[in-house]
Structures are given as C-alpha cells and as structure tokens.
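A short write-up of the structure that comes next.
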There are 4 protein chains.
Amino acid sequence: MKSNQETKPREISLRKTAEERHQDILEAALIVFTRKGYNGSTTAEIARVAGVAEGTIFRHFATKKDLLVAVLKPKVLNGIIDLDKEQKEATPVEFFRFFLRNRLELINENDGFFRFMFAEAQYHSEVREALFKGILEQGIGIVKPWFDMGVARGDFKPLPFIPTMRGFMGMVMFQGMFNHVFEGLSPEETLEEAADQLLELLFHGLLAK
Amino acid sequence: MKSNQETKPREISLRKTAEERHQDILEAALIVFTRKGYNGSTTAEIARVAGVAEGTIFRHFATKKDLLVAVLKPKVLNGIIDLDKEQKEATPVEFFRFFLRNRLELINENDGFFRFMFAEAQYHSEVREALFKGILEQGIGIVKPWFDMGVARGDFKPLPFIPTMRGFMGMVMFQGMFNHVFEGLSPEETLEEAADQLLELLFHGLLAK
Amino acid sequence: MKSNQETKPREISLRKTAEERHQDILEAALIVFTRKGYNGSTTAEIARVAGVAEGTIFRHFATKKDLLVAVLKPKVLNGIIDLDKEQKEATPVEFFRFFLRNRLELINENDGFFRFMFAEAQYHSEVREALFKGILEQGIGIVKPWFDMGVARGDFKPLPFIPTMRGFMGMVMFQGMFNHVFEGLSPEETLEEAADQLLELLFHGLLAK
Amino acid sequence: MKSNQETKPREISLRKTAEERHQDILEAALIVFTRKGYNGSTTAEIARVAGVAEGTIFRHFATKKDLLVAVLKPKVLNGIIDLDKEQKEATPVEFFRFFLRNRLELINENDGFFRFMFAEAQYHSEVREALFKGILEQGIGIVKPWFDMGVARGDFKPLPFIPTMRGFMGMVMFQGMFNHVFEGLSPEETLEEAADQLLELLFHGLLAK
DNA sequence: TATGAATGAGCTTTCATTCAT
DNA sequence: GATGAATGAAAGCTCATTCAT
C-alpha cells in the first residue's frame with residue numbers, strides 16, 4: 001500500500017483511453033473511406049480496421065455521416081496552416097515554386113484522401129463545404145498576397161487572379177490527384193521533376209516566343 | 001428478315017422494342033449514377049426513371065456493375081471522335097484553342113458525367129480503365145500530332161509531351177469538372193472567357209518577361 | 001396448347017397473391033402485437049408467423065409503425081358497424097342489454113386486441129386516435145339516440161349522458177379487458193351471467209330501495 | 001457499529017449514500033416507465049433522469065426487469081393501506097362514497113402509473129401478479145367487509161360480491177385511467193363531480209323506477 | 001461503490017437479385 | 001421478354017449488460 005502510494009509506478013494500462021479509441025476510429029474511417037468511398041464503406045469494416053466493436057463507433061459518432069465530417073475536419077484544418085511561415089523573405093516566384101512542390105507533396109503523402117474528397121464533394125454537401133472553406137478559401141487567402149505582390153513588382157503579368165489561380169490549381173490538383181488514374185504514362189518521373197515541368201509551363205507558357 | 005420488314009408495316013406500337021428499353025435503362029442509369037454515384041444509386045430508382053420494372057433491368061444487364069460498364073462505353077467511344085475532322089487546315093495554335101474550348105463545352109454539356117467518371121475511377125477498376133483507354137489514350141492520340149507539329153514548326157517550345165499535356169489537361173479538366181464545387185468564385189464568367197484565360201496562361205505563362 | 005387455350009383449367013397457383021400476403025402479414029402482426037405489445041414485437045417474429053421473409057414486410061408497409069396503423073384500421077372500422085341494424089324495433093332497455101352483451105362478446109372474440117389497444121394508446125398517438133375516433137366516437141354515436149329515447153320515454157332517469165356513458169363503458173370494458181388479469185376470481189362464470197349481473201347493477205343500482 | 005455512529009458526525013456529505021442513489025433510480029424509473037412503457041424505456045434515459053451513470057443502475061438492480069419489479073413494489077404496498085383507518089364509524093354507503101373518491105384521487109395523483117400498470121400487466125407476469133396481489137386482493141379485502149355489512153344492514157341489495165365489485169371497479173378504474181385517452185369529452189368536469197355521478201349511477205341505477 | 005466506455009446480439013430497414021407468372 | 005413481389009444478406013444503428021478503472 002505504502003509503496004504504491006509513494007511510487008505509483010504508472011502501470012501500463014491494458015485499456016485504451018477514450019481519446020485513443022476516438023483516434024483509432026477516425027484513422028480507420030480515413031483508411032476505409034479513402035479506399036472505398038463513403039457509400040462503399042461499411043461501419044462493420046471501419047470497426048474491424050479500428051479494432052473495436054461496431055457499437056463503439058456509434059458511441060463516438062452519432063451517425064456514419066458525422067464520422068465522415070469528423071474525418072474531414074482535421075485534414076482540412078491542418079493541411080495548409082503555417083505554409084508561408086518560413087517564406088517571409090522569398091520572392092513571389094520562389095513562393096510559387098515552393099507552394100506547388102509543397103502541395104504535390106501534401107497530396108502525395110495523404111495518398112487517396114484528396115481524391116476521396118473531390119469525389120465525395122459531388123454527392124455530399126458536407127464534403128463540398130469542407131473542401132471549399134477548408135482548402136480553397138484558405139489556399140486562395142495564402143496565395144493571393146503573393147500573386148498581388150508579384151504583379152506589383154512587375155514579376156507577373158497583370159492577369160485576373162481567379163481564372164489564373166484556377167488554371168494553376170488545376171495543374172497541381174490534377175497532377176496530384178489523378179496521377180493514380182493515369183499511372184503508367186511516365187512512371188519513372190519523380191515528384192520534383194513533375195513539379196518543375198509544371199512550373200516551367202506555368203511560368204513561361206507553351207509558345208516559343 | 002425481309003418478309004418481316006415487309007409484312008409488319010411498322011404499326012405504331014404501344015409496346016416498346018427491346019432495344020428501346022435497353023436505351024431507356026441506359027439513359028436512366030446515366031442520370032441517376034451521375035447524380036448520386038454508383039453506390040448511392042439504387043436499381044429501384046433507375047427502373048423508376050427508366051419507366052420499367054425493376055426486374056427488367058436484370059434482363060438487359062446481368063448485374064448493376066454490368067450496367068455501369070454499359071453506361072460508360074458509348075460516352076467513352078463517342079466523346080472524342082471526329083474532333084479533328086474539320087481542323088485539317090488549322091495551325092497547331094488554332095487546334096489547341098479549338099480543342100480546349102471543345103473539351104470545356106463537352107464537359108459542360110455532359111454535366112456531371114465527367115465528375116462522376118473521375119470520382120468512380122477511384123473505386124472501380126472498370127471505370128478507371130474506361131477513363132484511361134477511352135478518354136486519355138484517345139485524347140493523347142489526337143493531341144500529340146498537333147503538339148509535335150507545333151514543336152516542329154517552332155510554334156511551341158520543345159517541352160516534354162506527357163508532363164506538358166498533363167498540365168494542360170489539368171487546367172481543362174479542373175475547370176470543367178470542379179467549377180461546380182467552387183461555384184461562386186467567379187459566377188458571371190462565360191465559358192468562352194474561361195477558355196480564353198486558360199489559353200492565355202497556357203500559351204504565354206505567368207511571368208512578365 | 002389448344003386445350004390450354006380452351007379449357008384454361010385454372011391451375012392451382014403455388015404462389016400467393018399480393019393481397020393474400022398483405023393479409024398474412026396483417027394477421028401475423030395482430031397476433032404478435034397483441035401478445036407482446038408494439039415495442040416488444042420484432043419484425044423478425046412477425047415475418048416468421050406470417051411465413052414471409054422479413055424484407056417482404058417492408059414491401060407492404062413502409063415502417064413498423066405503418067404496420068401498426070394498418071392493423072388497427074380494419075378492427076376499428078368493422079368493430080361497430082351494423083350493430084343496431086336489427087334492433088330497430090327494440091326498446092331502449094332491450095338495446096342496452098343487447099349492446100352490453102354484444103360488446104362483451106366482441107371483446108372476447110378479439111381476445112387481447114382491445115387490451116393491446118388500450119395499452120398502446122398511452123404510448124402511441126396513432127393508437128390513441130384510432131381508439132378515440134374509431135371506437136369511442138362511433139360507440140357514442142350509436143348509444144346516444146337510444147339513451148335519449150330512453151329518457152324521453154321515461155324509461156331512464158335524466159342523467160347526464162357522458163358521465164353515465166363513461167360509467168357504463170367502464171363496466172363493460174373493464175370486465176371485457178381485465179378479466180384476463182383478474183382471472184381466477186370467478187372462473188366458472190359464463191359471459192352471459194357476467195353480462196346479466198352488470199346489467200342488474202347498471203339498471204337498478206346497488207342500494208336496496 | 002456504535003463507534004461508527006458516534007465518531008462520524010454525519011457531515012454534510014456531497015456524496016449521496018447508496019440508499020439515496022437507490023431511491024433516485026427508482027424514482028427515475030417510475031417516471032420513465034410511466035411515460036414510455038417498459039419496452040419503450042432505455043436504461044440510458046433512466047440513468048440520465050436519475051443523475052447516475054448507466055452502470056450504477058446495474059449495481060442496484062441486476063437487470064432491467066428487476067428494476068421494474070422494484071418500482072412496482074412500494075406502489076403496490078403503499079397504495080391501499082390506512083384507507084379505512086378513519087372510517088371506523090362510517091356507514092357502508094359513506095364508505096363507498098369515500099372509497100370511490102379516494103381511488104379517483106389516488107389514480108389522479110399517480111398520474112399515468114396505474115395506466116402503466118394495467119398496460120404492462122398484459123405483457124409481464126411480474127406486473128400482473130403485483131397488480132393482482134397488491135391491488136386487487138387488498139382492495140377486495142378492504143371493501144368486502146363493508147359490502148357484507150351493507151347487505152346485512154339491508155342497505156345494499158344481496159348481489160353477488162365479485163361481479164358487483166368488478167362493475168364498481170370498472171367504473172372507477174376506467175374513469176381514472178382512460179380519462180386521459182378520452183380527454184375532451186367533458187373537459188371542465190371536476191374530479192368530485194365525476195365521482196358523484198358515478199356514485200349516483202352505482203347506487204340508484206339507470207332505470208327510472 | 002460508482003463510473004462510463006466497450007460490447008455484441010439484435011433491431012428496423014435497404015437493396016441487388018431471383019423467379020413464377 | 002417484361003413484370004413486380006419475394007427474398008435474405010447486409011446495412012446502419014440501439015441498448016441492456018459488463019468490467020477495468
């Protein structure tokens with residue numbers, strides 16, 4: 001008793017905390033959703049992957065839809081923040097180079113998740129909103145000042161921001177997301193090379209002069 | 001056959017032919033799949049939209065998956081053909097301008113179907129293959145000669161084809177497909193304006209000099 | 001072929017008609033609901049009793065609640081009609097005697113169903129309404145003219161109708177419904193004897209003079 | 001034991017005693033059962049109403065059924081006792097008047113509980129027995145001497161006790177219990193008026209002579 | 001002793017597919 | 001061929017009960 005009181009050796013608990021289970025379920029849902037889509041995933045499989053009973057899922061998330069939303073939230077919030085933290089001294093051109101590489105890496109690391117998000121955005125307004133508010137708005141908020149600065153400095157042409165941005169994002173997203181669908185077209189290419197070639201096209205265009 | 005054609009004088013039949021029902025089902029499936037996704041669609045709803053009994057679907061298509069494949073086939077085959085028929089006299093630059101506008105129109109007219117295809121491509125290898133073989137390969141087959149010609153004539157820079165193409169397609173597809181998700185960013189823009197701005201970026205790039 | 005066309009011997013169909021299945025399910029639901037209550041009954045058991053697959057129930061009734069309502073409807077509608085058809089020539093006293101016996105028989109024959117209805121009326125507004133509209137309102141509509149006639153003829157005292165009715169119905173319903181709960185108190189009693197004794201009390205009261 | 005009583009000076013404890021929790025759970029169960037029925041109530045809701053954890057319920061009552069039985073017991077035991085304590089000097093007629101009013105008040109005060117009991121008596125033998133032993137038998141035990149005395153004194157007709165009792169109880173119970181179901185029929189009526197009218201019918205009957 | 005997260009059997013409901021007509 | 005009722009496996013979800021803390 002005494003020693004117990006004094007040392008309290010923080011015995012390794014066999015039981016997971018509620019927070020850990022919560023995370024287990026979220027991670028499992030991320031994996032399964034990404035692989036099979038929302039409608040193609042069953043709560044039974046998510047439970048199996050998470051290593052919990054099926055009922056446990058509904059203790060943490062009232063409905064399957066709630067679980068979907070909970071899966072989206074952290075990905076959306078954490079995806080972009082602090083991106084330009086260390087880029088304070090960069091030129092706009094350098095920022096765009098950095099940004100494009102960084103996005104391709106992000107998409108690559110979260111393999112399948114962005115594809116999942118764009119896919120489900122069509123069918124579920126919750127996803128659409130998360131995609132829009134969490135990713136697009138934030139992305140634009142970060143890129144626009146650099147774009148404006150580039151135009152102000154005379155580095156960039158004074159093109160309209162939104163359409164230009166859309167073209168730029170199209171390049172990046174498409175490369176990042178559908179690489180998977182089109183795999184085989186240029187298999188030995190590295191991520192950096194892909195980024196550089198997109199940048200070349202973005203910066204200088206296709207025409208010879 | 002002949003006697004059949006002659007004697008049966010094509011009376012205005014209230015009964016549809018098997019071929020007509022087949023088409024009704026395909027069209028209904030296209031509509032429902034596009035709106036709700038493959039897993040989100042029920043054969044009951046497709047039957048209702050098609051105006052046939054649920055069992056009839058399975059007389060024409062053994063499984064729901066078969067129906068999906070059958071829906072993809074004609075879209076994929078007809079999507080691209082005859083594109084360059086009337087462009088024989090054009091310059092590569094003119095072709096690209098025409099191609100980009102034509103693709104945006106195509107995507108627009110088949111509202112939702114391309115989104116559906118890219119979305120389901122993740123979850124169903126059948127769709128992935130249809131997308132790849134039917135659209136990408138054909139598209140590349142058509143564009144590459146013009147690209148090569150442009151490079152040969154000195155109109156285009158000698159950039160590597162595949163990455164350049166991917167950037168180009170990214171612009172086009174992203175604009176066409178996710179416009180819907182990002183609606184509101186530039187609402188009064190016409191399709192032509194969007195096409196012109198993408199072309200400006202594609203041809204001359206972002207940098208000022 | 002020919003004989004088939006001519007005689008068409010109305011082969012005994014192995015398959016039940018949709019209407020028959022509908023009835024099977026309603027009858028099964030009546031049995032199970034009556035025995036176990038609404039919340040205590042499972043659609044699995046109802047299906048088993050009806051001899052159909054569980055899914056079949058939901059082809060005929062969208063929800064379990066709908067099935068409950070469908071069970072109530074015919075009982076409620078058929079319970080009372082034509083009661084006074086053959087009583088045109090009776091005196092009010094004779095009518096009351098007939099009515100009381102008739103109600104006790106009805107409750108007896110539909111063993112458990114009235115108990116079920118009064119029980120579930122507490123928890124489900126659908127049942128409450130059915131009970132009120134289908135049984136009480138109709139019952140009052142039938143009895144009131146006879147009561148009024150009895151008062152007009154000087155057979156009955158001019159008591160207020162509703163409270164008197166409630167006392168009368170209480171006697172009848174309680175006897176009919178909770179006989180079951182209180183069984184054992186007077187086991188060899190016949191239905192007729194019970195009715196006669198209630199009538200005696202109803203007509204002449206407890207007091208000696 | 002003694003030292004325990006003396007040394008621990010009943011400090012105002014924030015913690016409830018086991019006995020208090022026991023009571024809290026019983027009260028909560030009474031409320032929830034009465035409102036939703038046994039099968040319609042969840043242990044989760046009872047725990048919430050009681051202000052305890054769900055597991056705590058099962059520390060006090062092994063099963064939900066045990067909780068039901070425990071809820072019934074005190075109601076059944078306390079429902080009737082002391083009824084005739086102050087009626088020693090009354091006449092049988094006065095007793096019946098008092099008894100009827102008293103029962104209506106009791107049913108009214110325990111709003112819903114008697115309805116609950118009669119309802120669940122159909123589905124649960126435990127309730128049936130409690131109802132029978134706790135309420136009927138006791139009630140009969142109390143009323144019968146007064147009835148017999150009334151008959152002996154020549155106040156009451158020599159009717160058979162059980163059927164008469166059943167008619168009487170039917171009036172009372174039905175009025176008390178299903179008033180709720182039939183509300184609206186005579187809304188401004190007071191409890192006393194209702195009692196008086198039932199007594200009038202009970203004592204003198206419906207017939208004019 | 002009280003807690004409340006976890007459990008898993010079982011609930012109502014859905015749906016692709018079958019098959020007698 | 002067309003029908004549509006029937007099927008039953010499987011879906012999402014509930015809930016009385018358990019048990020490590």
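Letters go in sequence order (proteins before strands), and every chain restarts at 1.
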Atom CZ of A:Phe61 and atom P of F:dT14: how far apart are they, to the nearest Å?
15 Å
Let's go through A:Leu131 and A:Phe114 carefully: what are the C-alpha distance in whole Å and the side-chain angles of both, what is the deciding distance for side-chain contact (heavy atoms from CB on, under 4.5 Å) to 0.1 Å, and is it a yes or a no?
CA-CA 9 Å; A:Leu131 184 57; A:Phe114 283 84; 5.8 Å; no
Please list, chain by chain and in numerical order, all residues satisfying side chain to side chain donor-acceptor pair (under 3.5 Å) with C:Lys36, sequence neighbours excluded.
C:Glu45
Would you say that D:Val69 contacts D:Glu129 through its side chain, given a criterion of any heavy-atom pair below 4.5 Å between the two side chains?
no
Given atom CZ of A:Arg48 and atom P of F:dG12, what is their separation to the nearest angstrom?
12 Å
If I take atom CD1 in residue C:Ile25 and atom P in nucleotide F:dT7, what distance separates them, rounded to the nearest angstrom?
9 Å
Residue list, salt bridge (Lys or Arg N to Asp or Glu O under 4.0 Å) with B:Glu126, at least two apart or on another chain
B:Lys65
Protein-nucleic acid N or O pairs under 3.5 Å, nucleotides 13-15 of chain E:
from   : atom 1 : to      : atom 2 : distance (Å)
E:dT13 : OP2    : C:Lys64 : N      : 2.8

Checking the side chain of B:Thr34 only, and the main-chain atoms of B:Gly112 only, is there a donor and an acceptor separated by less than 3.5 Å?
no
Separation of F:dT17 atom C1' from D:Asp66 atom CG, nearest Å, is 13 Å
What is the distance, rounded to the nearest whole Å, between atom CG of A:Leu67 and atom C1' of F:dC13?
13 Å
Protein-nucleotide distance (D:Ile46, atom CD1; E:dT3, atom P), rounded to Å:
16 Å
Do the non-hydrogen side-chain atoms of D:Leu26 and D:Leu67 ever get within less than 4.5 Å of each other?
yes
Work out which heavy atom in D:Ile25 is nearest to a heavy atom in D:Ile46; give both atom names and the distance.
O-CG2, 4.2 Å
Separation of A:Glu19 atom CD from E:dG4 atom P, in whole Å?
17 Å
For B:His22, the ring-ring contact (aromatic ring centres under 6.0 Å, His included) test, sequence neighbours excluded, returns B:His60, B:Phe61
Give DNA chain E the dot-bracket treatment, 5' to 3': Watson-Crick (N1-N3 with N6-O4 or O6-N4) or G-U (N1-O2, O6-N3) under 3.5 Å, [ ] crossing, | other strand.
.||||||||||||||||||||
A:Arg59 vs E:dA5: side-chain N/O to OP1/OP2 distance below 4.0 Å
yes
Look at all strands and tell whether B:His60 reaches a base, only sugar-phosphate, or nothing, counting heavy atoms closer than 4.0 Å.
sugar-phosphate
Residues from residues 27-36 of chain C lying under 4.0 Å of DNA chain E - heavy atoms
none
I need the CG-P distance between A:Asp24 and E:dA5, as an integer number of Å.
15 Å
Quick one: is E:dA5 close enough that its OP1 or OP2 comes under 4.0 Å of any side-chain N or O from A:Arg21?
no
Roughly how far, to the nearest 0.5 Å, is the OH atom of A:Tyr123 from the OH atom of B:Tyr38?
12.5 Å
Show your working on side-chain contact (heavy atoms from CB on, under 4.5 Å) between D:Thr43 and D:Phe58 and close with a plain yes or no.
CA-CA 9 Å; D:Thr43 52; D:Phe58 293 90; 3.8 Å; yes
Criterion side-chain contact (heavy atoms from CB on, under 4.5 Å) on A:Lys64 and A:Phe33, from CA distance to verdict
CA-CA 11 Å; A:Lys64 193 187 169 192; A:Phe33 281 160; 4.2 Å; yes
